[in-house]
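Notes to accompany the following structure.
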Amino acid sequence: MKLKRFSSVLLGLSLGASLATSAMAEQSLQDVMKARGLTEKDVLSAAKIYTPTGGRDEYLAFSSGGQSGHVIVYGIPSMRILKYIGVFTPEPWQGYGFDDESKAVLRQGGNDDMEIQWGDTHHPAFSETEGEYNGKYLFINDKANPRIAVIDLHDFETKQIVGNPFFKSTHGGAFVTPNTEYVMDAAQYAAPISNDFVPLSEFNDKYRGGLTYWKFDMKKGKIQPEKSFTFEMPPYSQDLSDAGKFVSMGWGFTNSFCSERYVGGVEKGRPPFEAGCSQKDTDFLHVTNWQKAAELVNSGKIGSKVNGSTLISIDEAVANDLMFLVPEPKSPHGVDVSPDGSHIIVSGKLDSHTWVYGWDKIKNAIDNKKFEGTDDYGIPIIAMKDALKTQVQVGLGPLHTQYDSKECVVYTSIYVDSMVTKWNYCTGKVLDQLHIHYNIGHLMSMEGDSASPDGKYLVALNKLAIDRFNPVGPLHPQNHQLIDISGDKMKLVADMPIPLGEPHYVAAIKADKLKPVVRYKSGWDSRADKRSPYKTRAGREKVVRKDGVVHVYGTVIRSHITPEIIEVEEGETVSIHLTNLERAQDETHGFAIYDENVQLSIEPGKTVSTTFVAEKPGVYPYYCTEFCSALHLEMQGYLLVKPKGYVAKEGKIQEGQAYTKADYNKQVKTNTDTQAVINSVVGFITSHNYKDFPEVVALVEDATDQLGFADGAKKKSEAFAADGDYQNATLWAGQHWQYQVKTADMGLRAKTFLEEHGAVKVESK
Ligand code: K7E
Ligand code: CUA
């Protein structure tokens, strides 16, 4: 009976295609267009992004998740969301912030008094080698609780969070230098560098902005706070940053939007911040020489330890020619360095022009000490005319600029006018304008921040969606609009709602640059990226009481958790360590316990831990939370928390069924028949060139493991049968069959893969 069902799965593989054609499928393209009211233009747009089942995207976009504290990964052009990566916020699906290992990551960079449970993520940035995205790491900042996180792209997990020792907010991050020597992160709202109370009357003297250059070690994949340094800056409300490259290598650019140093107080009848911060016609672009600063810091010539970290004072920066100011348009937002490092484009939110600076001009002024004066803090100011190349009228409220693959061609987001302006910064000509919906913030072209942008597509990150989607209440999703920029004219192609906070920025990388793993080395602590001391192998599961903690060394594999019963006493601290023994792709198991706030994600190879105090006596079922197999629901167990001093009464566990010799024989017959099916699948695989397909090799390895377990169960059942214990003999024979089914399941997946990928027959050896 069981075998029949199983063979029909095999048969179904070859039959499926010829069955059932629905009424919908018989319609012509014209019929569908008519029924859905689509124009030819719509259908063309659809064809540009439609990705047939199994198809892959050319680019992967990593979007800030805004207030969610996550990163959102989606494909371009399909605009299909692939993953949310937990970064500053717990994310239960991934067990992030629930297992002990990730709790440790999440606590990094926080403040000691309170565990911060969220982040205001703004700007993701890829690690670079010679200005090109290398596909290794992604950085993202938290504006609210000034932190930077490092995400490892080999498994898409957050590995490190560092907190800024000086600032009370950071917006101008993350931006990387061309070889990821440093990750830039600028302050936003000025605050005292000391962590104590300072009255606002001392704003000019004691409140400070700044810019941190976080040292990054590409080999270790870690930011090194002890080798990082921070520029003290005037309280000008520093905003975005960008790093110079090639001709401007070694320099960084950071703008500011309130060089008025205004302090509001609307409740006291004072004009509000917005009025006081937009009075001057210009603000200041800060130009910093990080390469020279690093040399001076490393040789101990400048910098002092403040709050446990290196701070370069304004005076030191000025004395060593490390910091300069350039006037920039009123209330600027974005600063974007051209791919060759020769130009810097800044847009002022309250100016309809973008300003194009020439690095050659700025450098010339610096080299010749040609300044128009200094600010109140003694920082040299380069005159506008000595830095500026041109100003181009692009529309009202320009914010951010992205570079195209075509020389001198750029795209600027126009917030107030809700459009994208395509223009040429060499000729100063506007080339095209496209209306978007609505109020665009950032925009992003493919590999747009690298030394060689690909162009092709542009994504508009719109702040308001208003009427674009089905209404879902007063809080609307954001709208990412995909624009085809391959031709002369921009073409709006698709809308994608983003319902997870306000994503400020996105970065997109060529998908083939990423080579994420499908499984971990066995017993891997993925959060710290090292072998876990709690790694457990099949058959070595154990419970150890040590230093007042009950350590449970367990394993998970389709479809059981070992151990299935955990007994502790009330008040004991329990630390459960689980290793996923699977090698198959996409065979994750979850682990949840009633009423203990426990949810783990255990991907193949991973070892994770959860530690809690079993406070109340009671019965706590636990189970696997990923539908991993046909017997997923049976992947369960009990944590029994016994009252203090509890003495067990006599008596065995009562089973609901009794099995006989006939039951045993029936199960053995089923197993023999199943083995024949497995053998035929194995025959198919081994008679083909399966070794040319790494995916299949992995499946075969996994199937072999399962078959090994099957053997173990078979031996146990035979031993019990020999003793005449048909209860245990039948149950172990049933377990033998379970392992066989899993083996066959993987065998079939391998067979299907080979058939679909044109495997060829080989001579058997
Ligand atoms: Cu919203 Cu770059 Cu934080 Cu502009 S930022 S829009
Ligand atoms: Cu493992 Cu469900």
Side-chain angles (χ1 to χ4, degrees), residues 63-67 95 119-125 140-144 146 169-175 184-189 237-242 254-255 257 331-336 346-349 397-402 412-416 418 420 436 438-444 448-449 459-464 478-480 498 501-507 554-562 564 578-582 584 586-592 599-604 606 622-637 738 742 745:
S63 172
S64 140
Q67 300 92 327
D120 186 14
T121 61
H122 276 244
H123 307 103
I140 190 155
N141 71 318
D142 169 11
K143 170 172 164 172
S169 65
T170 49
H171 185 244
F175 301 93
M184 302 171 75
D185 197 19
Q188 183 130 72
Y189 306 115
S237 298
Q238 280 76 24
D239 200 23
L240 293 184
S241 303
D242 204 359
T254 303
N255 50 25
F257 63 77
S331 299
H333 194 30
V335 48
D336 297 284
V346 179
S347 301
K349 302 188 293 281
L399 296 183
H400 301 285
T401 295
Q402 279 279 287
T412 297
S413 54
I414 314 291
Y415 181 83
V416 178
S418 289
V420 175
I436 53 83
Y438 302 91
N439 298 85
I440 180 173
H442 273 271
L443 73 185
M444 183 261 312
D449 292 328
V459 176
L461 282 68
N462 306 331
K463 298 296 179 196
L464 307 181
Q478 289 238 324
N479 187 6
H480 285 198
I498 296 271
E502 184 199 327
H504 291 262
Y505 191 43
V506 188
T555 60
V556 288
I557 192 164
R558 276 160 292 167
S559 305
H560 55 267
I561 301 162
T562 308
E564 296 192 327
L578 294 172
T579 299
N580 184 339
L581 300 174
E582 310 275 359
D586 203 6
E587 273 304 340
T588 294
H589 299 286
F591 181 78
Q599 151 56 17
L600 308 177
S601 171
I602 323 161
E603 295 98 60
K606 200 173 194 174
Y622 55 82
Y623 67 98
C624 168
T625 54
E626 287 269 343
F627 205 111
C628 51
S629 54
L631 293 173
H632 151 79
L633 295 177
E634 289 78 354
M635 207 166 164
Q636 58 168 335
Q738 290 303 336
K742 284 155 208 154
D745 175 52

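The residues of the chain are indexed from 1 along the displayed sequence. Each ligand, and each atom within it, is numbered from 1 in the order the structure gives. No hydrogens, no waters, no symmetry mates; every other heavy atom, side chains included, goes into these values.
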Would you kindly say whether Gln188 and Asp239 are connected by a side-chain donor-acceptor distance under 3.5 Å? yes
Working to 10°, measure the angle at atom 2 (Cu) of ligand 2 formed by atom SG of Cys628 and atom SG of Cys624. 120°
Under 4.0 angstrom from ligand 1, any heavy atom of Lys463? yes
Could you name all protein N, O or S atoms found under 2.8 Å from atom 2 (Cu) of ligand 1? His123 NE2, His442 NE2
If you apply the rule side chain to side chain contact (heavy atoms under 4.5 Å, CB included), what do you find for Leu461 with His400, and how did you get there? CA-CA 11 Å; Leu461 282 68; His400 301 285; over 6 Å; no
Taking the six-membered ring where the residue is Trp, are the ring centres of His442 and His504 under 6.0 Å apart? no
The single option from His632, Met635, Glu587 passing side-chain contact (heavy atoms from CB on, under 4.5 Å) against Arg558: Glu587
Decide yes or no for Glu502 and Gln67: does some side-chain heavy atom of the first lie under 4.5 Å from some side-chain heavy atom of the second? yes
Check all N, O or S atoms of Glu626 and name the one closest to atom 2 (Cu) of ligand 2. O
Evaluate the ring planes of His123 and His171, with Trp represented by its six-membered ring, and classify them as parallel (under 30°), tilted (30 to 60°) or perpendicular (over 60°). perpendicular
Restricting to N/O/S, name the atom of His632 that gets closest to atom 2 (Cu) of ligand 2. ND1
With a cut-off of 2.8 Å, does His589 place any N/O/S atom under that distance from atom 2 (Cu) of ligand 2? no
Report yes if some heavy atom in the side chain of Phe591 is under 4.5 Å from a heavy atom in the side chain of Val556; otherwise report no. no
Between Val420 and the options Thr412, Ile414, Ile436, the side-chain contact (heavy atoms from CB on, under 4.5 Å) test singles out Ile436
